[in-house]
Number of protein chains: 2
Amino acid sequence: MKNESSTVENYIKTIYSLCDKNGKTTVSAVAERLQNNPASVSNMVRRLHEKGLLENKSKLILSKEGNLLARQLIRKHRLWETFLVRVLNFKWEEVHDIAEQLEHVHSPLLTERLPVFLEYPKFDPHGDPIPDKKGNLPDLNAIPLTEAEVDQLYIFRSVATDKSDFLNYLNKKGLQLGQKWKVTEKEEFDGSVKLLIDENREVYFSETVAQNF
Amino acid sequence: MKNESSTVENYIKTIYSLCDKNGKTTVSAVAERLQNNPASVSNMVRRLHEKGLLENKSKLILSKEGNLLARQLIRKHRLWETFLVRVLNFKWEEVHDIAEQLEHVHSPLLTERLPVFLEYPKFDPHGDPIPDKKGNLPDLNAIPLTEAEVDQLYIFRSVATDKSDFLNYLNKKGLQLGQKWKVTEKEEFDGSVKLLIDENREVYFSETVAQNF
DNA sequence: GTAAAATTTTAGATTAATCTAAATTATGAA
DNA sequence: TTCATAATTTAGATTAATCTAAAATTTTAC
């Protein structure tokens, strides 16, 4: 696989993360996520297809190559986040933007040695699984908060985003990976939930927040 | 200081390293080093001046800003090389190209924490001094091999380049930092030298090689 | 001090990545 | 089915960084 620009790599990562169960997404969704003009995205889609990173000329579906590239970028991103937190003592809300740059450093040797030094971590500091060398992800029997049943006990395993504003909000609310919780109330009309954390603390979450678990 | 592109940063580093005792270099020297067309360099020089990184519109002299940027890049480069060798077990000839990418990662927090973890290294794996936060370099009373006096004893403290082809050549000859050596013969007509290493091994160097010490 | 050689700059083109505005195509609701 | 709205693509422009070819300038050598 030849070297792609950071721009191309960011498009591939974005497409990967936006794909639905059919492995498909749309120009407008990518444009929205990247805060780019749809015309720019449309243009880039043509070029991604020419590079063999997309299946179809018009449909937004990653090719095998594109899929592997995305997973390898996620692997590098999460390994660097693990490194920053474990080795350089960063906090979990500080690492996203730095890993976003580090993931584009191209060196097969470095990508091989970093996980050796970290002793083959399986999860990053946000509880998200780190794809292996071949891009495989473990089967997690984790469920999103929005699908949790009332009064059932769960363990807080991961967050779905590593953006600092969201993580700072969790910090303020005192939430950490590993905590036990159950949903005590679920509001149907606005999707908000009330949680009992570690059997002693109540927290309310809006639907927007709940979707990030 | 605002964020510059990797391209701009590479120009500044190149200009810095090519400057003579008057702090000056030429368009053609930069073009040669970067393997770019002189026209491209000329063009970039205008833009570097517009950004305030060069003193004059036409003369190739770094401004205070440009000088500081260069030293901070060298600092990051050498810190990352130290990290790669000491922490990830890279060899000294393997780290240049990776550090060349890592030095462009922009994060004040990372640049602050990396040297803390490494316990404030003063020299990189090639014996080259690491500028401090403010860009200051220690006064070395080291002399280049080309100026060594015959039969005077010296210690091998550093190499002037971290390019892998040169370092592989040294490895093949069995040269390492810390070795004691003296010049036993000096050929005036071609600049080549004969060295006695650790009092038991003779090595011949051409002028080209000697200039990299 | 002038002419040849070397160096630098200008002019115009190219590529990647973006934009706005306009045209086209697809979706979907009555 | 048809027409309005939404989504996408095309056309044309812009910016950073590069190129080649040609013009202008500076150096060097006699």
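The chains referred to below are lettered A, B, ... by the order of the sequence lines, with proteins before strands, and numbering in each begins at 1.
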Ring pair (Phe, Tyr, Trp, His ring centres under 6.0 Å) filter on A:H96, not counting sequence neighbours, yields A:H77
Sequence neighbours excluded, the answer for ring pair (Phe, Tyr, Trp, His ring centres under 6.0 Å) partners of A:H49 is none
From the list B:L73, B:L69, B:I74, side-chain contact (heavy atoms from CB on, under 4.5 Å) with B:Y16 holds only for B:I74
The side-chain hydrogen bond (donor to acceptor under 3.5 Å, both in side chains) partners of B:E55 (sequence neighbours excluded) come to none
By ring pair (Phe, Tyr, Trp, His ring centres under 6.0 Å), A:F90 pairs with (sequence neighbours left out) none
So, with a heavy-atom separation below 4.0 Å from DNA chain C, the residues of residues 8-24 of chain B are none
In numerical order, the residues of residues 28-46 of chain B whose heavy atoms come under 4.0 Å of DNA chain C are B:S28, B:P38, B:A39, B:S42
Residue set satisfying side-chain hydrogen bond (donor to acceptor under 3.5 Å, both in side chains) with A:S192, at least two apart, ordered chain then number -> A:D190
Rounded to whole Å, CG of A:N56 lies from P of D:dT8 at a distance of 15 Å
Applying side-chain hydrogen bond (donor to acceptor under 3.5 Å, both in side chains) to B:N67 and not counting sequence neighbours gives B:R71
Donor-acceptor pairs under 3.5 angstrom involving side-chain atoms of residues 25-33 of chain A: please list them, not counting sequence neighbours.
from, atom 1, to, atom 2, distance (Å)
A:T26, OG1, A:S28, OG, 3.4
A:T26, OG1, A:A29, N, 3.1
A:R33, NH1, A:S17, OG, 3.2

Rounded to whole Å, NZ of A:K57 lies from C1' of D:dT9 at a distance of 14 Å
